[in-house]
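Structure, as structure tokens:
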Amino acid sequence: MRDDFAVFILTHKRPDRIYTKRMLDRFKYTGRIVYIVDDQDDTVDEYKRLYGDSVYVFDKLKAAEITDTMDNETHQRGVVFARNWCWTIAKELGLKYFMVLDDDYSSIQHITNAEHNNRSRSIQLTNMDRLFTAMVEFVESTPVLTLAMGQGGDYQGGGGWDRPKRKAMNSFVCATDRPFKFSGRTNEDVNAYVRLGNKGDIMLTQMKTSIIQKLTQSNEGGLTELYLDTGTYVKSFFSVMMHPSGVRVAVLGKKHERLHHRVDWRKTAPKILRQEYKK
């Protein structure tokens, strides 16, 4: 794996349950891993005992100074602070590129339409270095702000597995010299791609690989307490506040219904016209 790159795993109060590390080991990732922990985490010493010099402890109050949480709460719960501090960490560590991951991934799967029936199917990855190198090289050779991997909901309805989406959630390959800001105490990734996408910035999800996560509200630590306190109703409305002309809250699911954000892309991202229509 190239030496100007590292994987950042954002984690909080889960020193013994970093499933992402186990997954990376299983898929033979050979590059650098940095565990990003805030100084308000009372399990910092356990992180250091388990992972030594690979643990980076950041000042959460300093990160809060550069972060718009979009609410009037005074606490610093939320991953948005760690996300916004990643570029500072990357510069300090001398990295050109980094990949931001959460700590609860159980697998990353390759998605293919090998059956030619408009339905995607998954194949287990065998070499994580090749995947991450390809994603870094894409960011390196294009003007995109970030490149993400797909999630389960992105594949609902079949099809679309071979086309990128104008969104980026949960996993991010970033260039140190192309910083951008996350806003909102929750739904910060959606807030970023609707706000920046509306300005014409490009944030993409490549659909050839999909991350598999633990259920958010069943895995103690991390953001679980915050989600249990506020639920998806409050979470989704941060994105409505960010881009009210293009985001609304709607019911998601049939058997187990819940409120969730819904983005109207016709009112969010500029359309790219063919060169032949240039005046």
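None of these values were measured; they are calculated from a predicted model.
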Between CD1 of Ile108 and CE of Met23, what distance do you get to the nearest 0.5 Å? 3.5 Å

What's the shortest heavy-atom distance between Met128 and Tyr29, and which atoms? CB-CB, 4.0 Å

Given side chains that start at C-beta, do those of Arg32 and Leu93 come closer than 4.5 Å, heavy atoms only? yes

Please round to the nearest 0.5 Å and tell me the distance separating atom CG of Asp264 and atom CZ of Arg266. 4.5 Å

Taking all heavy atoms of Val247 and all of Val194, pick out the closest pair and write down the distance. CG2-CG1, 4.0 Å

Start with the C-alpha gap between Asp45 and Arg49, add the side-chain angles, then the distance that decides, and say whether salt bridge (Lys or Arg N to Asp or Glu O under 4.0 Å) holds. CA-CA 6 Å; Asp45 290 341; Arg49 186 186 72 80; over 6 Å; no

For a quick test of reading the model, state the closest non-hydrogen atom pair linking His243 to Lys267 and the distance between them. NE2-O, 2.9 Å

If hydrophobic clusters are built by linking Ile, Leu, Val, Met, Phe, Trp and Tyr wherever their side-chain heavy atoms come under 4.5 Å apart, do Leu10 and Ile212 end up in the same one? no

What's the verdict on side chain to side chain contact (heavy atoms under 4.5 Å, CB included) for Leu131 and Phe27, showing C-alpha distance, side-chain angles and the deciding distance? CA-CA 10 Å; Leu131 169 62; Phe27 293 150; over 6 Å; no

Which class fits the ring pair Phe98 and Phe8: parallel under 30°, tilted 30 to 60°, perpendicular over 60°? parallel

Quick one: does any side-chain atom of Asp41 pair with a main-chain N or O of Lys13 as donor and acceptor, under 3.5 Å? yes

Rounded distance (nearest 0.5 Å) linking atom OH of Tyr105 with atom CG of Asn170: 3.5 Å

When every non-hydrogen atom of Met207 is compared with those of Arg163, the smallest separation belongs to CG-O, 3.0 Å

Would you list the pairs meeting salt bridge (charged side-chain N to carboxylate O under 4.0 Å, His left out) in which at least one residue belongs to residues 78-93, sequence neighbours left out? Arg83-Asp102, Arg83-Glu188

Is there side-chain contact between Ser107 and Arg26, with at least one heavy-atom pair below 4.5 Å? yes

List for me each residue that meets side-chain contact (heavy atoms from CB on, under 4.5 Å) alongside Glu73, sequence neighbours excluded, and say none if there are none. Asp71, His75, Arg185

Over 12 foreign heavy atoms within 6.0 Å of CG, Asp16: yes

Regarding Asp103 and Tyr35, do their side chains bring together a donor and an acceptor under 3.5 Å, going by distance alone? no

Start with the C-alpha distance between Leu204 and Arg166, add both sets of side-chain angles, then the distance that settles side chain to side chain contact (heavy atoms under 4.5 Å, CB included), and finish with yes or no. CA-CA 5 Å; Leu204 294 178; Arg166 284 288 295 268; 3.8 Å; yes

Taking the side chain from Thr20 and the backbone from Asp104, do they hold a donor-acceptor pair closer than 3.5 Å? yes

Can any side-chain N or O of Asn127 pair as donor or acceptor with the backbone N or O of Arg130 at less than 3.5 Å? yes

Validation row: Leu61, Gln40 side chains within 4.5 angstrom (heavy atoms): yes

Name each donor-acceptor pair under 3.5 Å that joins a side chain in residues 172-183 to protein atoms two or more places apart or in another chain, with its distance.
unit_1, atom_1, unit_2, atom_2, d
Thr176, OG1, Leu95, O, 2.8
Thr176, OG1, Lys96, O, 3.1
Arg178, NH1, Val139, O, 3.2
Arg178, NH1, Thr142, O, 3.0
Arg178, NH1, Val144, O, 2.7
Arg178, NH2, Val139, O, 3.0
Lys181, NZ, Ile66, O, 3.2

May I have the step-by-step check of side chain to side chain contact (heavy atoms under 4.5 Å, CB included) for Leu196 and Lys199, ending in yes or no? CA-CA 5 Å; Leu196 295 170; Lys199 291 170 51 184; 4.1 Å; yes

How close do Ser171 and Ala148 get, counting heavy atoms only, and between which atoms? O-CB, 2.8 Å

Side chain of Tyr19, backbone of Gln213: donor and acceptor closer than 3.5 Å? no

Tell me whether Tyr47 contacts the main-chain N or O of Arg14 through its side chain, where contact means a donor paired with an acceptor under 3.5 Å. yes

Would Tyr51 and Thr11 count as a side chain to side chain contact (heavy atoms under 4.5 Å, CB included) here? Give the steps. CA-CA 12 Å; Tyr51 305 108; Thr11 181; over 6 Å; no

Are Met203 and Trp265 connected in the hydrophobic side-chain network, where two residues link if heavy atoms are under 4.5 Å apart? yes

Just by modelled atom types, is the Val57 backbone N or O under 3.5 Å from a matching donor or acceptor in the Asp39 side chain? no

Check whether Thr205 reaches the backbone of Lys167 with its side chain - one donor and one acceptor, N or O, closer than 3.5 Å. yes

Interatomic spacing from CE in Met149 to CD1 in Ile211 - rounded to 0.5 Å: 6.0 Å

Atom pair OG/CD1 of Ser210 and Ile111 - distance to nearest 0.5 Å: 5.0 Å

Quick one: do Ser239 and Asn191 satisfy side chain to side chain donor-acceptor pair (under 3.5 Å)? Show the steps, please. CA-CA 5 Å; Ser239 299; Asn191 302 340; 2.6 Å; yes

Quick check: do Arg2 and Glu137 have side-chain heavy atoms less than 4.5 Å from each other? yes

Would you indicate whether the side-chain heavy atoms of Thr67 and Trp85 approach each other to under 4.5 Å? no

How close do Lys28 and Asp129 get, heavy atom to heavy atom, and via which atoms? O-OD1, 3.8 Å

Lys60 pairs by side-chain contact (heavy atoms from CB on, under 4.5 Å) with which of Glu65, Gln76, Arg77? Gln76

Check: Asp38 side chain, His12 main-chain N or O, donor-acceptor pair, under 3.5 Å: no

When you compare the side chain of Val249 with that of Ser236, does any pair of heavy atoms fall below 4.5 Å? yes

Spatial distance of atom CD1 (Ile18) from atom CD1 (Ile9) [nearest 0.5 Å]: 6.0 Å

